[in-house]
Amino acid sequence: MQDQHYSEDTPARQGVWKLFDRIAHRYDLLNRLLSMGCDCWWRRKMVGQFPQKQNLRVLDLATGTGDVLFSIQRRFPKLAMGVGLDMSQGMLAQARQKWMRRENATMLHLVRGDATALTFPDASFDAASISFGIRNVIDTPKGLREIYRVLTPEGRALILEFSLPANALIRRFYLFYFRHILPRIGAWLSGDAYAYTYLNRTVETYPYGDAFCQLLADAGFEKVTAQPLTFGIATLYIADKTA
């Protein structure tokens, strides 16, 4: 499995939530378009790995416009509690608009908060997820330790993040698209040229594969696995808290 490590070229993540405030109104559209719909399948794949038990208490970090949280609710109609947390008020506002169009969402809660300083007590959740957001966390090891802390014993962390394909030919085409085509389309539709340049730079400089699995192990997780998706464009990490 390929590895990737932190680089001096990694963009600064301080205040990155302000970037998402600016593009919140086009975020869902751009996700569907730029991933050619793969983002929906990737999220369904992640939700399918949640613990199969009744009355789940779930935390979705970097919840954005709420897609994962709402997918969890559909899959687990007897969900005890679902909390979506994000630093971006703009993204949460988009999630609340979706919420108003849904029924039976009384067990869902949207809160603004920092993934590196969660305000929840220890062992509050049976599962925690974060999709395409962990690389935006200012201090990844601290964020992973916080996820570990708020999970119950036998709780599960599910992390979905971009990665780079192992196949050299696919990787070459992917990087061309990622560096030259995606930023232009993203800038045109969102009106924010920096946002989609930031995207490819963070992906290319962020740990993935074995390197990210080691970060999870260092945070205390066991039974850590990585599932490359769509030729390795994204990777689903599954990590359990066993004590």
Side-chain angles (χ1 to χ4, degrees), residues 28 31 39-88 91-92 94-137 140 142-161 216 219-227 229 234-243:
D28 285 345
N31 268 359
D39 66 302
C40 296
W41 179 76
W42 294 333
R43 287 185 176 91
R44 286 197 298 270
K45 184 79 171 177
M46 181 178 73
V47 172
Q49 295 297 322
F50 274 78
Q52 300 299 306
K53 57 186 288 189
Q54 298 294 329
N55 301 315
L56 275 178
R57 295 168 297 162
V58 173
L59 172 64
D60 184 47
L61 298 166
T63 198
T65 64
D67 280 349
V68 170
L69 196 60
F70 299 136
S71 294
I72 294 168
Q73 185 205 17
R74 284 193 296 270
R75 189 174 183 91
F76 300 96
K78 294 186 179 180
L79 187 71
M81 179 178 64
V83 177
L85 180 142
D86 204 292
M87 281 292 290
S88 169
M91 298 289 272
L92 291 174
Q94 295 294 317
R96 290 188 181 98
Q97 288 184 19
K98 293 181 182 179
W99 189 353
M100 292 173 64
R101 298 193 294 268
R102 302 180 67 85
E103 297 179 357
N104 303 319
T106 55
M107 75 292 293
L108 302 182
H109 307 275
L110 296 169
V111 298
R112 186 174 187 270
D114 183 347
T116 65
L118 299 176
T119 58
F120 310 108
D122 295 357
S124 295
F125 299 96
D126 303 298
S129 59
I130 181 168
S131 56
F132 308 113
I134 191 65
R135 75 182 187 285
N136 297 321
V137 173
T140 296
K142 187 175 181 181
L144 294 177
R145 290 195 299 271
E146 278 290 88
I147 292 172
Y148 185 89
R149 179 184 66 79
V150 300
L151 285 173
T152 59
E154 301 184 2
R156 172 166 287 184
L158 294 138
I159 298 174
L160 181 61
E161 190 51 85
L216 285 162
F221 288 100
E222 298 182 15
K223 299 180 182 177
V224 177
T225 61
Q227 298 181 7
L229 305 174
T235 299
L236 172 61
Y237 302 94
I238 304 171
D240 292 336
K241 178 178 178 177
T242 58

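Everything numeric in this text was worked out from a predicted model, so none of it was measured. Side chains included, hydrogens not; waters and symmetry mates left out as well; all remaining heavy atoms used.
Across all non-hydrogen atoms, the minimal contact from Ile72 to Ser129 is CD1-OG, 4.4 Å. Between Ala95 and Gly66, the closest heavy-atom pair is CB-N, 3.9 Å. Looking at every heavy atom in both residues, Ala62 comes nearest to Asp86 through C-OD2, 3.2 Å. When all heavy atoms of Ser124 and Pro121 are compared, the pair lying nearest together is OG-O, 2.5 Å.
For the atom pair CG of Leu229 and CH2 of Trp41, the computed distance is 5.0 Å after rounding to the nearest 0.5 Å. For the atom pair CD (Glu161) and CG (Leu236), the distance works out to 11.5 Å, reported to the nearest 0.5 Å. One finds the CE atom of Met81 at 6.5 Å from the NE2 atom of His109 (value rounded to the nearest 0.5 Å). How far OG1 of Thr65 is from CZ of Arg96: 12.5 Å, rounded to the nearest 0.5 Å. Annotation: the span from Leu108 atom CG to Asp60 atom CG amounts to 10.5 Å, rounded to 0.5 Å. Atom CG in Leu144 sits 13.5 Å away from atom CZ in Arg149 (nearest 0.5 Å).
The shortest side-chain heavy-atom distance between Trp99 and Leu69 does not fall under the 4.5 Å cut-off. The side-chain heavy atoms of Met91 and Arg112, taken from C-beta on, include no pair separated by under 4.5 Å. Taking the side chain as every heavy atom from C-beta outward, Phe132 and Arg43 approach each other to under 4.5 Å. With a 4.5 Å cut-off on side-chain heavy atoms, Tyr237 and Ile134 do not count as touching. In this structure, Val68 and Leu160 have side chains that are not in contact, with every pair of non-hydrogen atoms separated by 4.5 Å or more. Side-chain contact between Lys241 and Thr152 is absent, with no heavy atoms from C-beta onward closer than 4.5 Å. Inter-residue side-chain proximity for Phe76 and Gln52 is flagged as met; some heavy-atom pair is nearer than 4.5 Å. Side chains of Thr63 and Leu85 form no contact here, defined as non-hydrogen atoms less than 4.5 Å apart.
Arg156 places no side-chain N or O within donor-acceptor distance of the main-chain N or O of Phe50, the cut-off being under 3.5 Å. In this structure, Lys223 contributes its side chain and Asp240 its backbone to no donor-acceptor pair below 3.5 Å. A donor-acceptor pair under 3.5 Å is formed between the side chain of Glu146 and the backbone N or O of Leu118.
Among residues two or more places apart in sequence or in another chain, the side chain to side chain contact (heavy atoms under 4.5 Å, CB included) test is passed with Thr225 by Ile238.
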*Assess whether side-chain contact (heavy atoms from CB on, under 4.5 Å) is satisfied between Lys142 and Val137, documenting all intermediate values.*
CA-CA 9 Å; Lys142 187 175 181 181; Val137 173; over 6 Å; no
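Between Phe221 and Tyr148, the angle of the ring planes goes over 60°, which puts this pair in the perpendicular group of the 30/60° scheme.
When each of Leu59, Asn55, Leu56 is checked for a side-chain contact (heavy atoms from CB on, under 4.5 Å) with Asp126, only Leu56 meets the rule.
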